[in-house]
Amino acid sequence: MRGLSRVFPTVTPVQARVAALLVATVSVAMECVNVWVTAQLPQPSYTPLPFAPEDMAGTAFPIFGALLVFNRPRLIIGWLLVLGGVACATNILLANVALLHAPSPYATGAPKVLWVIVGQSWVVATLLLGVLLPLLYPTGRLPSPRWRPLVVFAVLVLGLEGLRSLLTVLEVQPPLPAVMETLHRLSAGAMGLAFLSLAVRLYRAGPVERRQILWPLLAFAGLIIPWVVGDPIWWLASFTLPLIPAAIAVAVLRYRLYGIQTLITRTLVGAGLVGAIGGVYVAAGAASSLFLSDVDRIGGLFAALCAGAFFHPLRRVLQRGADRLLYGSKGDPVALAGELRRRLQRTDPAGGLVAALDVLREGLAVTGVAVRFQDGSPGEATAGDLREVVRDVGLVWHGEPVGRLLIGPPGVRRLPAAHNERVIAALTPYVADAAHAVRLVGALRRSRERIVATREEERRRLRRDLHDGLGQSLSGMAMSINAARRSLHVSPETADLMLTELRSGMDSVTSDIRHLVYGLRPPALDDLGLAGALAEMAGPDVALEVSGDLTGLSAAAEVAAYRIVQEALTNVRKHSRAEVVRISLERGEDLRVRVSDDGVGVQPGRRSGVGLASMRERAAELGGTCVIGSPPEGGTVVEAVLPLNVNVEI
């Protein structure tokens, strides 16, 4: 950034701060003296104020310029404010002092030296504040080298104007109106082109620099409007003039803390409301004066009612128009929400999150947005290029955190609406819903994968047990039968012994078959039903409560409920040291299984073992839930909810 270091390389920051403070103090002191001098002069007819716009410039510009130099001593913008302000203070003070001696520079006895300084100080103030300040703001550099001829042109024109003023005051040449008018127009053109550079810079700048430019432009509008309107309100510019250095200081030092977009939109909406409602009121008043001339009170009431009736609809129309003007069609939260709904209707659940992120990225005009899920699975979903995260928003779906919404820096648009709270508030619920849907899709996919893997593992176990266990046992039994047949006629005693051993082997095979069958489905479920099987497994010391008809349950629900209760009772006997255990079965739309005890409960921080994970997985395979916890009164509660209207393929 170009600043004081290139102009005066040997000046230290401390010296720069001290110098700026001294210049600002001198400028304010001159304005204080000018207050006394102005009081000695007659009140001018062109303004009701006891001061001129130059007084405000000579006070405000050096103060805010010194503040800027104190915080950014190497930035030349602060020095332009300080030196331009002291030039204004010098101009107005010496002009008023000169007026104490003579009414004009050309009158007899007029102090020529003072009028020479007045003319030259005006040229310096115009060059610093009217040309260089808009050209160099806010970076301290020209927008491009192509603007250098404008600087040379402005210096030449203002130099000629200063020379003309000097020669005229010293009476070297008489006043030349044509030359004066030409020089005034050329200097005004130079200032106009200098302010045009701000528009060019605004168009090309990034979001940070745009915010810095918008503040002074808004303040400058407050200065231009009274001057354009002219009499009788042009003197109001004296009050709006200090807003320019204040806006520059705020934009350079603390631009990140203020919402310039909100201020501009509200200004546009407020101005539109005042103008439109004022017009409605005047029109209604004029109409009532024509038709209700004898009842002026009713006419005024009618005009007020007409203006009030148009207020709210007009405010909404103006708000949408301001949003469209500043942000384009993508800045309207209502339009963005409608676009997002249309995209979600055309995409599947897995692709809905990417569609939502695309709409959010377009609405905020940022480089990229992403969703980072709560548990890290599935992977991060991204739209655009998210190299830097400048905003982190939590995503909550019906009270359940699902992840974080990461927003990147703003990109390029008419007016960056990055991090616009209305857009984020409007679209974040849709993003949370889409993120939850992606999590559900991922959980469903993983669940199906586990089911398939479990099924294949069970088939492998059955194959191994049948081949290595029953297959080998039956082969051995077949060999024993053949040997017994050969020994039957030769040695009946040996055959009888072999048949006796064969009978024992058959008992072992029968036991293995029962074990395999029990592993597939407990036989007690077919013999006794779910309630009877649980009562037999739990024993007489465990209370069993049944609510609803348990007949007609699906085989999958019966097995899942049985295994969950079996694992829960195993944990009670191993870990809880409970005296009272209760089992509750309730059939409604779902099958609710509850196992509670009065034992030591689940210890905080304890990691879930295989058994607890198995209970949750059995419930999840049916689309249900299984929660294990400890209530405030103590003990452990295992509660599973198993849907009954599902079909599970194994």
Side-chain angles (χ1 to χ4, degrees), residues 1-3 6-7 53-54 57 61 65 68 75-85 87-88 91 119-165 177-206 209-230 234 237 240-241 243-245 247-248 251-252 260 264 412 414-415:
M1 182 177 294
R2 185 176 182 179
R6 293 191 179 183
V7 182
E54 291 86 348
F61 277 85
L68 197 54
L75 185 64
I76 200 172
I77 300 300
W79 284 102
L80 292 177
L81 295 177
V82 171
L83 298 178
C88 292
N91 175 270
Q120 304 311 309
S121 62
W122 179 255
V123 170
V124 172
T126 303
L127 177 64
L128 294 178
L129 300 179
V131 177
L132 294 181
L133 181 62
L135 276 174
L136 300 178
Y137 180 80
T139 63
R141 298 189 303 267
L142 293 173
S144 69
R146 288 179 292 181
W147 291 89
R148 291 175 183 172
L150 177 60
V151 177
V152 176
F153 174 75
V155 171
L156 291 177
V157 170
L158 292 174
L160 291 175
E161 187 167 355
L163 179 61
R164 180 207 57 78
S165 174
V179 175
M180 294 174 58
E181 182 68 19
T182 302
L183 291 177
H184 283 324
R185 289 181 179 181
L186 291 177
S187 61
M191 288 189 291
L193 291 176
F195 280 99
L196 179 63
S197 71
L198 282 177
V200 175
R201 195 188 292 268
L202 179 66
Y203 177 77
R204 298 176 178 176
E209 191 172 314
R210 286 189 179 187
R211 292 189 180 94
Q212 291 178 322
I213 297 173
L214 283 172
W215 278 102
L217 284 181
L218 188 63
F220 185 73
L223 174 66
I224 289 297
I225 291 175
W227 278 1
V228 172
V229 174
W234 77 267
T240 59
L241 185 63
L243 297 178
I244 296 177
I248 291 175
V252 172
I260 184 68
I264 292 178
V412 178
R414 298 187 203 174
L415 182 62

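All residue numbers refer to positions in the sequence shown, counting from 1.
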Does the side-chain contact (heavy atoms from CB on, under 4.5 Å) test come out yes or no for C88 and L129, once each step is laid out? CA-CA 10 Å; C88 292; L129 300 179; 4.0 Å; yes
Might you work through the side-chain contact (heavy atoms from CB on, under 4.5 Å) test for L160 and V157, ending with a clear yes or no? CA-CA 5 Å; L160 291 175; V157 170; 5.7 Å; no
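The CG atom of L81 lies 11.0 Å from the CD1 atom of I76; values are rounded to the nearest 0.5 Å. Interatomic distance, W147 CH2 to L196 CG, rounded to the nearest 0.5 Å: 5.0 Å. Remark: L243 CG to I248 CD1 distance equals 11.0 Å, nearest 0.5 Å. Atom CG in L75 sits 9.0 Å away from atom CG in L80 (nearest 0.5 Å).
With sequence neighbours excluded, the residues satisfying ring-ring contact (aromatic ring centres under 6.0 Å, His included) with F195 are F220. In this view, R185 and E181 satisfy the salt bridge (Lys or Arg N to Asp or Glu O under 4.0 Å) rule, not counting sequence neighbours.
Of the residues listed (L83, L133, V155), the one engaging L127 in a side-chain contact (heavy atoms from CB on, under 4.5 Å) is V155, and it is the only one.
Of all heavy-atom pairs spanning Y137 and R201, the tightest one is O-NE, 2.9 Å. The two residues V131 and A154 make their nearest non-hydrogen contact at CG1-CB, 3.7 Å. V82 and G65 make their closest contact through CG2-C, 3.3 Å (heavy atoms, listed as atom of the first residue, atom of the second, distance). The nearest pair of heavy atoms linking R148 to L142 is CG-CD1, 3.5 Å. In this structure, L150 and A194 approach most closely via the heavy-atom pair CD2-N, 3.8 Å. Scanning both residues, M191 and G130, for their nearest heavy atoms gives CG-O, 3.5 Å.
In this structure, S187 and E161 have side chains that are in contact, with non-hydrogen atoms separated by less than 4.5 Å. With contacts defined as side-chain heavy-atom distances shorter than 4.5 Å, the pair F153/L193 does not qualify. Looking at heavy atoms from C-beta onward, I213 lies in side-chain contact with P138 at the 4.5 angstrom threshold. The shortest distance between side-chain heavy atoms of L128 and W79 does not fall below 4.5 Å.
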